[in-house]
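Inspection log for the structure reproduced underneath, given as structure tokens.
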2 protein chains.
Amino acid sequence: MAILLFLLKWLELRLVIFNHAFEIYIGAIAVIFTGLGIWLALKLSKPKTVVVEKAVYIQQHTGNGFVVNEQEIEKLGISNRELEVLQLMAEGLSNQEIAEKLFVSLNTIKTHSSNLFIKLDVKRRTQAVDTAKKRRIIP
Amino acid sequence: MAILLFLLKWLELRLVIFNHAFEIYIGAIAVIFTGLGIWLALKLSKPKTVVVEKAVYIQQHTGNGFVVNEQEIEKLGISNRELEVLQLMAEGLSNQEIAEKLFVSLNTIKTHSSNLFIKLDVKRRTQAVDTAKKRRIIP
DNA sequence: CCCTAAATCACCCGAAAGTATGAGCGTGAT
DNA sequence: ATCACGCTCATACTTTCGGGTGATTTAGGG
């Protein structure tokens, strides 16, 4: 029964195609040449590029005097890995970005930052950066 | 003579058109839809934006000679309330603490900081502080 | 008077940050 | 060899941030 129904539908479809062969042909031509036009335009047109200049602000350290306060770092017991994390933190990087930059996992960075916060006696990364700058641990 | 020749040629052309009406119709369709495709592609293709980073070197503010870069603040359209929030942010305060300090709700601080991030073109508060310092918006 | 901008606040939701805890590994000192 | 320590990573959980949206109020300029 289902097969019969399907057959009938198919025959109907064939009839439709036969009766409207011309329109379908025209439609196919239209679609094909629209596609061709799009392809042509994309291939042959110069890529529209909009150049946006973006200023990048860079701190210029022209031999001015920033000396790392080694005593402070030692006194607080900050390891060099922690210092690296702190520096990247001060540049505004997220933990994820720091992790990628140092080729370690996000959890490791979290551990480092947690230890850093304890050693600096702070609660947040912004506070850590502020404190570290005031103590001349980072420029 | 020339006119006659022209007339003959014209009649010939008419005949050609008559005999090949279908092909010409198809050809016209093809041309029109190729044009449509080209137009579509040119209209709808989004221009590729290329961001060119341009280095801007910042003078180091040695010692305590800090002058606020008013032009920068105005250029970025930072309101004074936003500036207050930014300053407290730089001191490492949480949004909650800033809210309490300024006697407003936490949501208000969130709104201010969100607007700040947009204006400073940053994604995080640490980045905002870093950028603001480099642009001499805050000491 | 209308319109705009600043400032205020609320709610939701997902992402990021931060806390707590435990554990494995290598290195240098005892 | 063992111990301490730095570094690594994980899991689970809580808190904070940040994005998006919309609403209200107030002050100031056209």
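The shown structure was predicted, so the numbers you read here are calculated from the model rather than taken from an experiment. Just so it is clear: chains get the letters A, B, ... in the order the sequence lines come, proteins before strands, and each one is counted from 1.
Taking B:Glu100 as the reference, B:Gln96 meet the side-chain hydrogen bond (donor to acceptor under 3.5 Å, both in side chains) condition, with sequence neighbours excluded. Listed by chain and residue number, nothing satisfies the side-chain hydrogen bond (donor to acceptor under 3.5 Å, both in side chains) test with A:Gln87 (two or more places apart in sequence, or in another chain). A:Lys110 meets the salt bridge (Lys or Arg N to Asp or Glu O under 4.0 Å) test with no other residue; sequence neighbours excluded. Partners of B:Val31 by side chain to side chain contact (heavy atoms under 4.5 Å, CB included), not counting sequence neighbours: none found. A:Glu72 meets the salt bridge (Lys or Arg N to Asp or Glu O under 4.0 Å) test with A:Lys75, A:Arg135; sequence neighbours excluded. Residues satisfying the side-chain hydrogen bond (donor to acceptor under 3.5 Å, both in side chains) test with A:Ser114, not counting sequence neighbours, are none. A:Thr108 is linked by a side-chain hydrogen bond (donor to acceptor under 3.5 Å, both in side chains) to A:Ser105, counting only residues two or more places apart in sequence or in another chain.
The phosphate of C:dA6 (OP1 or OP2) has no side-chain N or O of B:Asn115 nearer than 4.0 angstrom. Remark: A:His112 is not in phosphate contact with D:dC7, judged by side-chain N or O atoms under 4.0 Å from OP1 or OP2. Residue A:Thr108 has no polar side-chain atom (N or O) positioned under 4.0 Å from OP1 or OP2 of D:dT8.
Here B:Ser79 lies in heavy-atom contact (under 4.0 Å) with sugar-phosphate atoms only.
Nucleotide C:dA7 holds its P atom 18 Å from the CZ atom of B:Phe103, rounded to whole Å. Rounded to an integer number of Å, the gap from A:Leu102 CG to D:dC7 P is 11 Å. Rounded to whole Å, atom P of C:dA6 lies 15 Å from atom CD of B:Glu84. Rounded to whole Å, the distance from CD on A:Glu82 to P on D:dT8 is 10 Å. The separation between B:Ile109 atom CD1 and C:dA10 atom P is 12 Å, rounded to whole Å. To the nearest angstrom, C1' of D:dT8 lies 16 Å from CD1 of A:Ile98.
The stretch residues 83-96 of chain A participates, sequence neighbours left out, in these salt bridge (Lys or Arg N to Asp or Glu O under 4.0 Å) pairs: A:Arg81-A:Glu84. For residues 112-128 of chain B, the pairs satisfying salt bridge (Lys or Arg N to Asp or Glu O under 4.0 Å) are A:Lys54-B:Asp121, A:Glu97-B:Arg124, B:Glu82-B:Lys119, with sequence neighbours left out.
Cluster membership check: A:Leu76 does not share its hydrophobic cluster with A:Ile118, using side-chain heavy-atom separations under 4.5 Å among Ile, Leu, Val, Met, Phe, Trp and Tyr.
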Per-nucleotide protein contact string for nucleotides 16-30 of chain C, where B marks a base within reach and S marks sugar-phosphate only (heavy atoms under 4.0 Å, - for neither): -BBB-----------
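Overall bending of the helix from C:dC1-D:dG30 to C:dT30-D:dA1, expressed as the angle between end axes built from five pairs apiece, is 40° (10° steps).
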Heteroatom pairs (N/O) under 3.5 angstrom, protein to nucleotides 28-30 of chain D:
none

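Residues A:Val129 and B:Asp130 have side chains not in contact (no heavy-atom distance under 4.5 Å, counting atoms from C-beta outward).
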